[in-house]
Each structure stands twice: as C-alpha cells, then as structure tokens.
Visitor: 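Sharing a structure here in structure tokens format.
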Protein chains: 2
Amino acid sequence: MSTNSKSLKSTRQEPGVSGLRMTNQRALILEIIRQRRGHLDADEVYRQARQKQPRLSLSTVYRNLQTLKKLGFIEELHFNEEHHHYEIRLATEHHHLACLGCGRIIEFQYPLARLIKRNVAEAKDFEVIDTELRMTGYCTECHQEGK
Amino acid sequence: MSTNSKSLKSTRQEPGVSGLRMTNQRALILEIIRQRRGHLDADEVYRQARQKQPRLSLSTVYRNLQTLKKLGFIEELHFNEEHHHYEIRLATEHHHLACLGCGRIIEFQYPLARLIKRNVAEAKDFEVIDTELRMTGYCTECHQEGK
DNA sequence: TTCTTTATTGCTAATGCTTCTCACTACCGA
DNA sequence: TCGGTAGTGAGAAGCATTAGCAATAAAGAA
Ligand SMILES: [Mn+2]
Ligand SMILES: [Mn+2]
Ligand SMILES: [Zn+2]
Ligand SMILES: [Zn+2]
C-alpha cells in the first residue's frame, strides 16, 4: 500500500457508507488535483494521470471528476471557455479574476458566501451549497494595450 | 422598415465605425433576448427566431450571440450545465441562485462589482469588464426533501 | 484467506454544443 | 448604381462529455 493511496484513503469521508470504493484511479486523480495548484481541465488531469497509470481511460477521469465533485472534494470552475476546470476544495473561500488578454487566472480571497448568505439567501430561503464568482477583464500586464 | 428594426438600429452603438451591419437576423435575435425575461440558450433563441424568420440558421444564432456579447448588449451565463445561456445586459447588476432540485434560476441584486473592485481589483490592478456570481443550492420548495 | 457482490474500469460509439467552411447575399458608403 | 465586404445558410467538422457493456477489482462476509 503506497503512501499516496494511504493518505487518500484516510481523507475519504464515509468509507463504505454510500457504497463508494477507493480505486487506484480515483486516488490518483484526486492526488493530482490536490498537488497541482492550478486549475486543471479534464484533459490535463488525464495526461498527468497517464504518466503513472498508462492504461487509465479518459472516461474514468470524467466519471471521477463528477464523483469527487459530488463528494465535495473538488470544485468545478466555469471560465469563459466551453470546457471546465477543476481545483481542490479548501477551507478558505476564494474567487477568480480571469484575464481576457493572457488567459491568466488570478485568485483572491473574499468572504462572499457569508455576506450573500446573510443578505440575500436567507431572505429568499435558499440553501447555498456552492458559490462561484468570476470577474473577467484585463490584468496589469494586459490592460496597457487597451481593449 | 419595421418598428422593431428601427428601435434596434437606434440602440446600436457606433453605427458603422467597426464595420458591423445591422441585419434582420441580428436585430431579431437581439429583440428576442431583450423581450424574454428568462435566460435563454442558443437553441431557445433559435426556435423563437424561426417563428419570424423560418430560414434563419443555427449558425447565425451562434455567430450573433458572440457578436452581441462582444458589443456588450448581452451577457453569457455559465450555470452548471455544459451549454450557455444569454440575457440582456441591463444597467442594474444582478446575480443568480441556481436550484439543484428544480433547476429554477432566482435573481437577486447586489452591488458586488463595486465592492470587489474597491477591495480587490484595485489592489491587484485588474481592470474588470464583467462579473458573474452564481450560487448553487436548493430553493425553498426543494430543500425540504434534503439533498 | 477465499468467496461474493457489485461499484468501477477501459473501450468504443454516441451525443450535444459550438465553430468552421464556403458559395451566395445583401448592406452601405461612395 | 456599384463595389467592397460583412453576414448568411447549409452542412461538415471539432471538442468536450456521456452512455453502453463486458471485464475487473474493491470491500465486506464467511
Ligand atoms: Mn482557484
Ligand atoms: Mn438574470
Ligand atoms: Zn493578462
Ligand atoms: Zn428548486
């Protein structure tokens, strides 16, 4: 039993309650998203994962991204593209600034969820599970050359 | 010249500066998004539009959605689906609560952009063009039956 | 350990949404 | 009225994601 899968297994919630199993593929995918600090898309996860498990299939990546998302381990990000990105879900809430010029993603922390929950969700009796804020525009290096 | 296309033309910014033309198709698509208060996707716009212009093609819808977005007339929304929705861009900023149960989209107003610009974007020297906030969860009628 | 059950995988094909290509139109300024 | 060119329609192509299914392999029971 490798150190990796061990640490992953111990992280898992509800070991067998929901009938889920911790496969090597699932552990690897989660580990990759946990270690890389970027915002990976399915294909990037796939390519990384195949370096360790060459027989892994892309379907398995997609399936596990869905599963890990539902379990709350990872978050799915919707930038201005037609495919999605994924990142590990951490304790501290953060959001994104997406540059239209260079494509860079800048992160920032702001306790938005709490704020909106108090001011809006509560009034509308809406139970918030997830929050996503993204601002699009131009970063320092890109807003010289205008729009 | 119909009343519709007239009002659209007068709304248009920079009449011919950028080389853009106001075609019937473009006017119709914008008009549909302007009138419906929902969050239409490309196919819904297409179906609506074909009632008035049966020969309109889906390509034209997609092309014009992109154009109208770039011109700032409409906004592209990214819910938790893999296709996009569009709505007219109004003066007052608003955001969305998306229910995982019934799919309903609840709108609310909150001066987020101003807030974040002052507190974050300014510090990071990021020029904000667009803001999108979406919270996912369960609406009143759906959070009875738990998750 | 061995056995059983069934969640999960790897392939492949299929789907869904969006973009591209290209010949043909039609808008608009001169 | 004319010419240059943005825009259109139709279909094909491109990607991202999902579905179907026989074969594996977790995880709990014995
Ligand atoms: Mn992030
Ligand atoms: Mn809206
Ligand atoms: Zn940039
Ligand atoms: Zn609901």
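Per chain, numbering begins at 1; letters A, B, ... match sequence-line order.
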Visitor: In whole Å, what is the span from the NE2 atom of His78(B) to the P atom of dT17(D)?
Guide: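 It is 13 Å, rounded to the nearest whole Å.
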Visitor: Do Arg21(B) side-chain and dT5(D) base share a donor-acceptor contact under 3.5 Å?
Guide: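 Pair found.
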Visitor: Let's see if you can work this out: which of dG10(C), dT8(C), dA16(D) has an atom nearest to the side-chain heavy atoms of Leu20(A)?
Guide: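 For the Leu20(A) side chain, the nearest candidate turns out to be dT8(C).
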Visitor: How many whole angstroms separate atom NZ of Lys70(B) from atom P of dA6(D)?
Guide: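 Spelled out: NZ on Lys70(B) to P on dA6(D) is 14 Å.
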Visitor: Has Asn64(A) got a side-chain atom pairing as donor or acceptor with Thr67(A)'s backbone, closer than 3.5 angstrom?
Guide: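 No: the side chain of Asn64(A) does not pair with the backbone of Thr67(A).
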Visitor: When the nearest nucleotide of DNA chain C is assigned to Arg63(A) and to Arg63(B) on a heavy-atom basis, which residue is associated with the more 5' position?
Guide: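 Comparing both residues, the 5'-ward one is Arg63(A).
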Visitor: What orientation do His83(B) and His85(B) show, parallel under 30°, tilted 30 to 60°, or perpendicular over 60°?
Guide: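 The rings of His83(B) and His85(B) sit tilted, inter-plane angle from 30° to 60°.
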Visitor: Rounded to whole angstroms, how far apart are CZ on Arg26(B) and P on dC28(C)?
Guide: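 About 10 Å, once rounded to whole Å.
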Visitor: Taking for each residue the nucleotide of DNA chain C bearing the nearest heavy atom, is the 5' side occupied by Thr23(B) or by His84(B)?
Guide: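 The residue mapped nearer the 5' terminus is His84(B).
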Visitor: Separation of Asn64(B) atom CG from dA6(D) atom P, in whole Å?
Guide: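 Atom CG in Asn64(B) sits about 15 Å away from atom P in dA6(D).
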Visitor: I'd like to know if the side chain of Glu132(B) and the backbone of His78(B) have a donor-acceptor N/O pair within less than 3.5 Å.
Guide: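 The answer is yes, because a donor-acceptor pair under 3.5 Å joins these two groups.
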Visitor: Do any side-chain nitrogens or oxygens of Gln25(B) fall under 4.0 Å of OP1 or OP2 in dG9(D)?
Guide: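 Yes, such a contact exists.
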Visitor: Determine the contact category for Arg55(A): base if any of its heavy atoms lies under 4.0 Å from a base atom, sugar-phosphate if only primed atoms, P, OP1 or OP2 are that close, otherwise nothing.
Guide: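 Since only primed, P, OP1 and OP2 atoms lie under 4.0 Å of Arg55(A), the category is sugar-phosphate.
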Visitor: For the pair made of CG in Leu65(B) and P in dT18(C), what is the distance, rounded to whole Å?
Guide: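 In whole Å, dT18(C) P and Leu65(B) CG are 9 Å from each other.
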Visitor: Just compare dA10(D), dT19(C), dG10(C) and give me whichever is closest to any side-chain atom of Ser57(A).
Guide: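 Out of dA10(D), dT19(C), dG10(C), the nucleotide with an atom closest to Ser57(A)'s side chain is dG10(C).
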Visitor: Is the His39(A) ring parallel, tilted or perpendicular to the Phe79(A) ring (thresholds 30°, 60°)?
Guide: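 Taking Phe79(A) first and then His39(A), their aromatic rings stand perpendicular (interplane angle over 60°).
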Visitor: In Å, rounded to the nearest 0.5 Å, how long is the span from CG of Leu90(A) to CZ of Arg34(A)?
Guide: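 Those atoms lie 9.0 Å apart.
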Visitor: Leu58(B) CG to dG16(C) P: how many Å, rounded?
Guide: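 Taking atom P of dG16(C) as the reference, CG of Leu58(B) is at 14 Å.
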Visitor: Specify the separation, in whole Å, of atom CG of Leu56(B) and atom C1' of dT25(C).
Guide: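 Nearest whole value for this atom pair: 14 Å.
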Visitor: Rounding to a whole Å, what distance do you find between Met22(A):CE and dA7(C):P?
Guide: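 Interatomic distance, CE of Met22(A) to P of dA7(C): 16 Å.
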Visitor: Below 4.0 angstrom from OP1 or OP2 of dT18(C), is there any side-chain N or O of Tyr62(B)?
Guide: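 Tyr62(B) to dT18(C) OP1/OP2: side-chain N or O found under 4.0 Å.
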Visitor: Examine dA26(D): is either OP1 or OP2 under 4.0 Å from a nitrogen or oxygen in the side chain of Asn24(A)? Give yes or no.
Guide: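 So the side-chain polar atoms of Asn24(A) do come within 4.0 Å of the phosphate oxygens OP1 or OP2 of dA26(D), strictly under.
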Visitor: Do the side-chain N or O atoms of Gln53(A) get closer than 4.0 angstrom to the phosphate oxygens (OP1, OP2) of dT9(C)?
Guide: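 It does not, given that no N or O in the side chain of Gln53(A) lies less than 4.0 Å from OP1 or OP2 of dT9(C).
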Visitor: When only distance counts, do a donor and an acceptor, one from the side chain of Ser59(A) and one from the base of dA19(D), lie under 3.5 Å apart?
Guide: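 Checked by distance alone, the answer is yes.
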